[in-house]
There are 2 protein chains.
Amino acid sequence: MVAESELNTGVLLFLPYRALENRVFAALAESGFDDFTPAQARVMQRIGPDGTRLTELAEQAQVTKQTAGFLVDQLEKAGYVRRVPDPTDRRARLVCLADKARAAKETADLVVAEVEQEWEEHLGKRRTKQLREALTLLREITDPWA
Amino acid sequence: MVAESELNTGVLLFLPYRALENRVFAALAESGFDDFTPAQARVMQRIGPDGTRLTELAEQAQVTKQTAGFLVDQLEKAGYVRRVPDPTDRRARLVCLADKARAAKETADLVVAEVEQEWEEHLGKRRTKQLREALTLLREITDPWA
DNA sequence: GACTTTGGTCAGAGTCACTGACTAGTTTAG
DNA sequence: CTAAACTAGTCAGTGACTCTGACCAAAGTC
């Protein structure tokens with residue numbers, strides 16, 4: 001009914017993003033990682049290798065400190081993260097990934113690679129490269145934490 | 001800390017999408033359309049010019065009928081949509097856009113065009129074309145309603 | 001040492017989304 | 001043509017997500 005090219009770029013970006021996310025969650029659930037939610041995952045993704053402060057997670061995930069705290073609480077209960085004192089600031093604590101989270105991340109990374117492979121097969125090598133190039137460039141003006 | 005190119009394509013897709021969405025919502029709110037939520041907007045977006053059935057909206061927005069019904073209720077109360085009987089099926093009703101929604105859509109479209117213009121300025125004409133081309137192609141394997 | 005900023009929590013409320021169970025028209029098989 | 005199967009939509013209940021506002025404690029500033 002609507003011509004393909006009429007869709008705005010936002011929708012065009014969102015469609016494959018959601019497809020990828022759905023695939024990853026399905027695979028994770030199949031591997032037994034079914035005890036966390038998308039919202040929790042979005043926070044977990046942002047945790048750096050040396051741990052990250054709650055406030056920083058909140059900013060990057062674009063939620064309030066309270067929300068981030070709530071999600072981290074649940075992740076902690078489920079055994080995906082630990083909170084350790086920040087040696088440089090006694091007010092703060094660092095949220096760190098636990099082994100369980102690293103295992104889940106491995107599974108997720110595998111699926112992402114798989115889907116990216118499928119996309120490349122569909123688009124061809126040249127267009128895939130162009131796509132990533134354009135998106136990376138776009139990040140400069142759309143990602144506050146670039 | 002992390003090299004740009006290390007980011008997976010999913011994140012790369014999501015970043016500009018969210019940037020665009022944020023811009024649109026900010027502009028809408030500024031124009032007085034601050035009485036609906038992102039979830040409601042996602043449903044409203046899917047309503048066709050001649051109205052669309054609730055069940056169809058639910059499928060396309062990837063939520064249950066109940067959720068879609070809830071969101072449409074709120075949109076109806078806020079005056080964005082009307083429900084009219086479906087002449088071809090007495091069980092069904094068509095959810096139609098009201099004038100208020102059309103006005104909001106106009107504002108939104110303007111902002112989308114503006115942002116797309118900015119993106120094109122940053123990327124250049126060639127890369128923009130390549131981006132849209134790749135995304136449109138990708139839609140074939142990622143959009144169930146393509 | 002008082003003042004401001006920053007990291008984080010607690011309490012309460014509203015929104016979003018789901019499952020399950022149900023009513024009421026529509027379509028289909030015998 | 002009637003019973004069974006399907007489809008459109010609603011109601012009730014629950015859990016998940018997110019927000020605002022108030023607050024405490026440690027750092028940093030003057």
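Note on naming: letters A, B, ... go to the chains in the order of the sequence lines (proteins, then strands), and numbering restarts at 1 for each one.
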Taken in chain and number order and not counting sequence neighbours, the residues that satisfy side chain to side chain contact (heavy atoms under 4.5 Å, CB included) with B:E114 are B:R23, B:E118
From CG of A:D86 across to C1' of C:dT6 the rounded distance in Å is 12 Å
OP1 or OP2 of D:dT7 less than 4.0 angstrom from a side-chain nitrogen or oxygen of B:T55, does that happen here?
-> no
Axis-to-axis angle across the helix from C:dG1-D:dC30 to C:dG30-D:dC1, five pairs each end, nearest 10 degrees, ~ 30°
Expected list for residues 19-35 of chain B near DNA chain D, using heavy atoms below 4.0 Å, is none
Inset, instruction - Tell me, with the steps shown, if B:Q62 and A:R18 meet side-chain contact (heavy atoms from CB on, under 4.5 Å). - result: CA-CA 11 Å; B:Q62 301 207 338; A:R18 190 177 55 186; 3.6 Å; yes
>> I'd like to know if the side chain of A:Y17 pairs up with that of A:E21 as donor and acceptor (distance under 3.5 Å, no hydrogens or angles considered).
In response: yes
Report task. Before accepting this row, confirm whether a basic side-chain N of the pair A:R102/A:E106 lies closer than 4.0 Å to the acidic partner's carboxylate O. Result -> no
Trace of the side-chain contact (heavy atoms from CB on, under 4.5 Å) decision for B:T9 with A:T128: CA-CA 10 Å; B:T9 311; A:T128 303; over 6 Å; no
Residue set satisfying salt bridge (Lys or Arg N to Asp or Glu O under 4.0 Å) with A:K65, at least two apart, ordered chain then number -> none
*Looking at A:K77 and A:D73, does any basic side-chain N land under 4.0 Å from a carboxylate oxygen?*
no
- Query: Above 12 or not: heavy atoms from other molecules or residues under 6.0 Å from NZ of B:K100?
  - Reply: yes
For B:V84, the hydrophobic cluster (side chain heavy atoms closer than 4.5 Å, chained through members) also holds B:L94
A:D73 CG to D:dC17 C1', in whole Å, measures 14 Å
**Asked** C:dG8 phosphate, OP1 or OP2: any side-chain N/O from A:R83 under 4.0 angstrom?
**Response** no
Per-nucleotide protein contact along nucleotides 18-28 of chain D, 5' to 3', at a 4.0 Å heavy-atom cut-off (B base, S sugar-phosphate only, - neither), is BBBB---BBS-
Among D:dC17, C:dT9, C:dC16, the one nearest any side-chain atom of A:Q74 is D:dC17
Working for salt bridge (Lys or Arg N to Asp or Glu O under 4.0 Å), residues A:E76 and A:R83: CA-CA 8 Å; A:E76 199 171 20; A:R83 285 195 242 222; 3.2 Å; yes
